[in-house]
Amino acid sequence: MGEPALEHLRIRLADVHRALRAAVERQSRIAARLTRPDLTPYCITDEQVDVLLGEVCAFTDAMAGPCAPQRPESEAERELRRSASAEGRTLPLDALATRFGLTRAEQDALLLVAAPELDRGYERIYAYIVDNLNRRLPSVELLLTVGALSAADGEADGEADGPGEPVAADGAVKAAEPSVAARLALRRALGPPGALRRYGLLRTYGEAALELAQELVLGPGVLDFLLGWGTDVGLLGHDPGEVLQPDPRVLPPHLSSAGLTRLGRALGSGDIDLAGLWGCPPGGQLDAVQALARAARAPLRCLAGDPEADVRTAAALGAVLWIPTDDLHGEGHRAHADAVFGALLRSRTPVCLTGLKPWRPAGLLAARGYAEVVLPAPGLGDRRAMWSAALPDLNGTLLEDLAVRYRMSGGELRAVASVAGAGARLAGNGHPEPVADHVEPAIATVIRGRGGSAVRSIVPRRTVDDLVLPEAQLNQILEIASASRAWPRIAETWGFARRSAPGGVKALFTGEPGTGKTMSAEIVTGMLGLELLKVDLAQIVSKWVGETEKNLEAAFRQAEESHAVLLFDEADSLFGKRGEVKHGTDRYANLEVGYLLQRLEASDGLVILTSNLKDNIDVAFTRRFHFVVHFPRPAAAERRRLWRLAFPEEAPLGADVDLDVLARLDMTGAGITAAARTAALAAADGGGDAIAMRHVVRGVVRQFQREARLLRPSELGPHADLLVDTSRR
């Protein structure tokens, strides 16, 4: 046996040639019945009209007849498939048919379109069959004629007495008659909603006034794949409106609610034709609409491009059309919203709308049968069940912790499970490690590092051991982390969510610059095992009306989707007090503060604000904070610890460095760190092999100068002479 792909094409093309020969004979018989066929291109005679009327009448009379069965595969083809399977190979045409769900008739149509790429002689045969020398490329009409004759030939084969050509009583070879039902079924399959054109395996060439005359060519890469020259079958075709079925085991349990099931059944039965699912974040909308489509017992498609074309395709496939509406709000999306509105207004195709906030044009609701369900966020029990379904190997403690910390959608959980499984296989080197050991890195891979223009992603590096604070403030910082972990359980299991304001924990850090506010936010985030998103106020605040609110919404949304802690550093300018409206801009500034109040309260995650002056923060914000921590300037004992921590263990610190004297200097933690870094640079620049006290004093002097302060010799005690030495330099 030669190359399996080519051998398979040879076998299948032999069947196609048989159908082509039947089509040529049929066209020859029709031409022979016409009077003066040489005049056909120029005029139509009475006799020709009579013959053609007979043909079309016979066609319409047979339209309700049964569809002929598909031609069965030959023994040679079965043997070739068995041989390829034994070698662990799949025949390309079989792989194509499996991936895109092609019937045998659709496979034959694909081969007919591919044939002229192999031999130009097919072009003239095709032109003869459609009786038009100007149409040499395969057209819908050609594929219908040959495909129907192939089905009829297969039916005749089944009726023959033994192998070989079917014969009549007089011994003559029977001419296969085309099945009208098979022709109509194939025409539907060859239309734009059919698999061949929907996936782009066949593409239209040029324009035609009639669909029958539409010429078709192969999509890119299809011929190479059929010839066995290799490529990824998944790259040969793509249906933009196709919605892949997710793993149903990870679906949130709350999507099996009676309300959603009832809505889906009403959509499937035709009691309604427009459904709305509101309140669901973008990451969870796919699971929700899939649950609705399952209840409706209908396939699901999504809006991919032209609303009119997408509605027609969904109607042809008997599918529910899914339209996310979050991008249909606002003036900037008016044209797209109008196009969607117009397409839905003129159709009755079942449609599901999803979004965080409802999109309910009154004209659309008046013209269609509409019902809706507001979907709550998955509760703690739902999240626990989703984590358990996605990663069955998780132990109870870790399972509970992950369910509390992360509000993941089904899609994100499936991604985490996949990445964790791959990490376990890779690390095990043939002996997979426990998947639970790779869950945290997988979570980081899936949800972190999504920083945009308005926020900067910070992966926490420092721990609570690096934090030097008075005991009261340190306990408050630890309490913030504990409260963030406990709040979902208290809110949902103990019912406090019904008694208090919605949203997660909010904290305000106040104090002078350099006292550890931002560092504490990073440490709390690290204790929670989350990512820190620091808001860039320069990118958030805009002079254009309404833009600041849009930028803030994007920052909050990104933090919620990334399951991250949101940090507003130096937030005085954004969260400042509202004042009396004296100028036009005052009104808009007050509106921004009002929006922030609402959005801050609604956020489910941990939000931290830092401010140098607590009194600058609007009192309406202050009462919404669960924790307000004031960071004082460090005392002497704390400064000594800070100086010790400022020099890494690997740093060559000289024996003459007097930490007790340095601790007497009134400096903040940030100032001490900066002075230590300057001292290290001075030591390295001077060629020394250790950081001496003179280098540290130089670093302190530079820091005092940056703070517009003067370091007096008396403050250095026995090392005052080093200050004189520094001034000379």
Side-chain angles (χ1 to χ4, degrees), residues 401-402 405-406 416 419-420 423 437-452 454-469 473-485 505 507 509 511 513-537 555 558-559 562-571 605-610 627 629 631 634 638-653 667-681 684 691 699 703:
D401 183 53
L402 293 173
R405 288 161 56 197
Y406 298 105
V416 168
V419 173
D437 296 344
H438 298 269
V439 171
E440 291 286 357
I443 292 173
T445 300
V446 171
I447 68 173
R448 295 182 185 174
R450 300 178 181 176
V455 295
R456 181 167 61 89
S457 173
I458 299 175
V459 178
R461 295 177 293 105
R462 289 174 284 194
T463 67
V464 70
D465 294 333
D466 299 316
L467 189 59
V468 180
L469 285 175
Q473 282 79 5
L474 180 60
N475 289 337
Q476 282 186 290
I477 295 301
L478 299 177
E479 190 179 349
I480 292 173
S482 299
S484 297
R485 287 183 180 274
V505 175
F509 295 166
T515 52
K517 301 186 296 296
T518 304
M519 179 181 177
S520 296
E522 179 184 337
I523 289 171
V524 169
T525 304
M527 293 172 66
L528 295 173
L530 301 177
E531 178 187 26
L532 182 64
L533 292 182
K534 183 178 179 181
V535 176
D536 185 351
L537 295 182
Q558 186 171 335
S562 301
H563 313 276
V565 176
L566 191 62
L567 172 64
F568 288 90
D569 206 8
E570 308 295 342
L606 172 60
V607 181
I608 300 175
L609 275 66
T610 71
F627 297 90
V629 184
F631 289 71
E638 292 147 7
R639 291 196 293 266
R640 194 182 196 289
R641 283 188 60 201
L642 287 169
W643 273 109
R644 187 70 210 80
L645 291 172
F647 295 101
E649 293 182 1
E650 301 87 351
L653 193 63
M667 299 177 70
T668 64
I672 290 172
T673 301
R677 186 167 53 245
T678 302
L681 290 172
I691 303 173
Q703 183 60 29

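If you read the sequence from its start, that first residue is 1, and numbering goes on from there. Side-chain atoms are counted along with the backbone in the values below, which use heavy atoms only and exclude waters and symmetry mates.
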At their closest point, which heavy atom of [X] faces which heavy atom of [Y], and how far apart are they?
X	Y	value
Val455	Gln558	CG2-NE2, 3.2 Å
Leu530	His563	CD2-O, 3.4 Å
Asp465	Leu645	O-CD1, 4.0 Å
Ile672	Ala646	CG2-CB, 4.0 Å
Ala675	Trp643	CB-CH2, 3.9 Å
Ser520	Gly516	OG-O, 2.7 Å

To the nearest 0.5 Å, what is the distance between [atom1] ([X]) and [atom2] ([Y])?
X	Y	atom1	atom2	answer
Glu638	Thr515	CD	OG1	11.5 Å
Phe568	Leu533	CZ	CG	10.5 Å
Ile523	Leu469	CD1	CG	8.0 Å
Leu642	Leu467	CG	CG	9.0 Å

Judged by atom type as modelled, is there a donor-acceptor pair below 3.5 Å linking the side chain of [X] to the main-chain atoms of [Y]?
X	Y	value
Arg639	Pro634	yes
Arg641	Val468	no
Lys534	Asp569	no

What I'd like to find out is whether the side chain of [X] reaches to under 4.5 Å of the side chain of [Y], using heavy atoms alone.
X	Y	result
Met527	Leu478	yes
Leu532	Ser457	no
Ile447	Tyr406	yes
Phe509	Ile477	yes
Val629	Ile480	yes
Leu402	Glu440	yes
Thr525	Leu606	no
Leu528	Arg405	no

- Item | Criterion side-chain contact (heavy atoms from CB on, under 4.5 Å) on Leu653 and Arg644, from CA distance to verdict | CA-CA 10 Å; Leu653 193 63; Arg644 187 70 210 80; 4.3 Å; yes
- Query: Just checking, is any N or O donor in the side chain of Thr678 or Gln703 under 3.5 Å from an acceptor N or O on the other one?
  - Reply: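 Side-chain D/A pair, Thr678 to Gln703: absent.
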